[in-house]
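Note sheet for the following structure.
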Amino acid sequence: MTGVRGVDADGVGVPGADVRGSGARGPGTRGRDARGAGGRDVGGREVAGRAPGTPDARTNAPVRAARPTAARPTRVRAAPVRRLVLGLLAAAVLAGCTSGPTEAAPGTTGTPNDPAASGSTATATPDPAPSRGAPTPTPEGTLLVADFGSDTVTFVDPGQGGSGRNGGAIASVEVGTAPYGLVVGEDGRAWVATAEGVAVVDTRRRTRLALIPYETETGPVTTGEYRGGGMGIALAPDGRHVYVGVNVPGGNGTLEVIDTATREVTGVAGVGRRPFDVDVSPDGREVYATNHDSFDVTAVDADTLGTRSMEVAPYGTEGGLGSWLKPHYAVVRPQDGRLLLPFEGERLAVLDPRDGTVTIEPMTADTHQHGAALAPDGTLLVVGTGPIGSADEGPSLTVRAPDGEERIVPLEGPHEDVAVSADGNTAYVTGGFTRDGYWNGITVVELDKLDNADARARPNGEKNKPIRLAAGNRPLGIAIL
């Protein structure tokens, strides 16, 4: 197979072309020996070194602790007695007219019945943005997407039976510039990685509770694919910590640790370049940053924050920043703790984090791939963003059974990430994509109604065709509430 590639669709923009080599290919392989090299970002700046003060991802040195700041005392002014009495009478009347949960008032850092509301918020900005939707509680099963093209997250009704039919946006909540990844805890709080910091959102009341600034210096707040700030984000199994990968343009990134009770950054570890994705081991002892531009995964000890780097480069690292063939997203297989990283719809890299060994399994979608998720039964879902060469296939969703059998569902246009329902029957694929060609919506795929092994060869009937649900603004990260 032969083909020609341009600059990396996900890495730093590089002048020139990336040329795919030719040659015989076996199952899951492709001739790829000539690749473009690069050393400039989209602004034309030389890419080298790391930002001042950024820990080196190649060392095992313990990380520096975050710099806590003391909360300023609040002055309380006594009200005149007459005003106080009138205020109490008015409050009593209003209390008799209200029922159900209340939205967080502007300027507060917590909500009623929020166990973390009394915790320290020394490093958080308690500036909740009011919800644009109705104050009724958010229904279970609602979708939450990060609007990378805006400064919001959007709550989306998945439609009848979660099928996408008659669904649509419910409300949007401002969170910060260019939100990327998000994760939701059992307490209903969402943690959203933005260019400015990690936003904390009460998903039940659709209210932002706080914005936690990064300890890492990332430069000016910008938008677009190469912006600095948070990218991948994950929650510890016990819910006590959030881990966010922070991109530092032109250098190595960091992993920041946030205490979910106090909403403070409690530690920082050095990782590789552009930490697209963050995952946590089943036992919570290690955190994994998938570093797109350095072809590796950084394992971070959750207790000591010591680090070790493991290369994951099934096609090699030739071409550097200009290569297309870099890791994007990973999932952790619960039964053995191995990481699954899809590449190009051809190779599934299986990383054993205990010793860093990588084994390769063949894939069949033959398309550039990004987001991944695991269904409850172990089925792997992988988003194909579309061709990067003339011989590649179009956008798709790979549905890979635990035994390796794959079904390929065509998608209309590039997509980015995927979430799967608790029963494993429905996949929700975001249309945002990190490059041009995105669309503002979610594609809904009913997995339990796929009626053949290869939908490209014999497409599903019209009634089983994926449903496009318009919602959000260039949505990337997604979660099901």
Side-chain angles (χ1 to χ4, degrees), residues 3-21 30 32-52 54-58 178 180 195 216-220 222-232 245-255 270-278 289-298 309-330 341-344 347 349 358 368-370 385-389 392 414 416 433-436 476:
V4 179
R5 297 179 173 179
V7 298
D8 179 9
D10 317 294
V12 176
V14 181
D18 177 12
V19 182
R20 180 186 300 165
R30 187 183 280 168
R32 304 185 177 190
D33 44 283
R35 305 180 182 90
R40 292 182 183 272
D41 64 13
V42 291
R45 299 168 300 197
E46 291 292 334
V47 176
R50 55 192 176 91
T54 303
D56 193 336
R58 295 170 294 180
Y180 190 99
T216 303
E217 177 57 50
T218 62
T222 61
T223 62
E225 181 183 2
Y226 308 104
R227 68 147 178 76
M231 298 187 74
V246 180
N247 178 42
V248 178
N252 288 337
T254 65
L255 182 83
V271 298
R273 288 176 177 257
R274 291 185 75 203
F276 249 61
D277 196 20
V278 174
T290 299
N291 307 308
H292 179 266
D293 285 356
S294 50
F295 298 88
D296 60 14
V297 171
T298 302
S309 178
M310 300 170 285
E311 182 177 280
V312 185
Y315 298 97
T317 61
E318 185 180 353
L321 295 178
S323 172
W324 291 80
L325 312 176
K326 296 179 283 192
H328 294 83
Y329 294 80
L341 299 95
F343 283 78
E344 304 304 309
R347 303 180 185 183
V358 176
H368 195 57
Q369 291 178 318
H370 275 205
T385 65
I388 56 174
D392 287 345
E416 181 69 20
F433 193 41
T434 54
R435 299 283 288 187
D436 291 338
L476 294 186

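Any value given below was found using the heavy atoms of this structure, including those in side chains, with hydrogens, waters and symmetry copies removed.
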- All side chain to side chain donor-acceptor pair (under 3.5 Å) counterparts of Ser294, not counting sequence neighbours: Asp296
- Please round to the nearest 0.5 Å and tell me the distance separating atom NE2 of His292 and atom CZ of Arg273. 12.5 Å
- Note on the structure: Heavy-atom nearest pair, Thr222 first then Ala178, reads O-CB, 4.4 Å
- side-chain hydrogen bond (donor to acceptor under 3.5 Å, both in side chains) assessment of Thr254 paired with Thr216: CA-CA 7 Å; Thr254 65; Thr216 303; 2.7 Å; yes
- Taking every heavy atom of Gly230 against every heavy atom of Tyr180, the minimum-distance pair comes out as O-CB, 3.7 Å
- Heavy-atom pair with the smallest gap, counting every atom of Pro249 and Asn247: CD-O, 3.7 Å
- Message: Going by side chain to side chain contact (heavy atoms under 4.5 Å, CB included), name the residues that satisfy it together with Ala195, two or more places apart in sequence or in a different chain.
- Response: Thr177, Val221, Arg227
- Query: What distance separates His328 NE2 from Leu325 CG, expressed to the nearest 0.5 Å?
  - Reply: 9.0 Å
- Task: Give a yes or no answer on whether the side chain of Glu318 reaches the backbone of Gly320 with a donor-acceptor pair at less than 3.5 Å.
- Result: no
- Would you say Lys326's side chain and Leu321's backbone share a donor-acceptor pair under 3.5 angstrom? yes
- Message: Can you list everything that forms a ring pair (Phe, Tyr, Trp, His ring centres under 6.0 Å) with Tyr329? Sequence neighbours excluded, please.
- Response: Phe276
- Task: Hey, could you give me the CZ/OG distance between Phe295 and Ser323, rounded to the nearest 0.5 Å?
- Result: 4.0 Å
- Message: Tell me which one of Asn252, Thr298, Asp277 satisfies side chain to side chain donor-acceptor pair (under 3.5 Å) with Asn291.
- Response: Thr298
- Residues that Thr385 engages under side chain to side chain contact (heavy atoms under 4.5 Å, CB included), provided they are two or more places apart: His368, His370, Phe433
- Query: How would you list, by chain and number, every residue that makes a side chain to side chain contact (heavy atoms under 4.5 Å, CB included) with Ala349, sequence neighbours excluded?
  - Reply: Val312, Pro314, Leu341, Phe343, Val358, Ile360
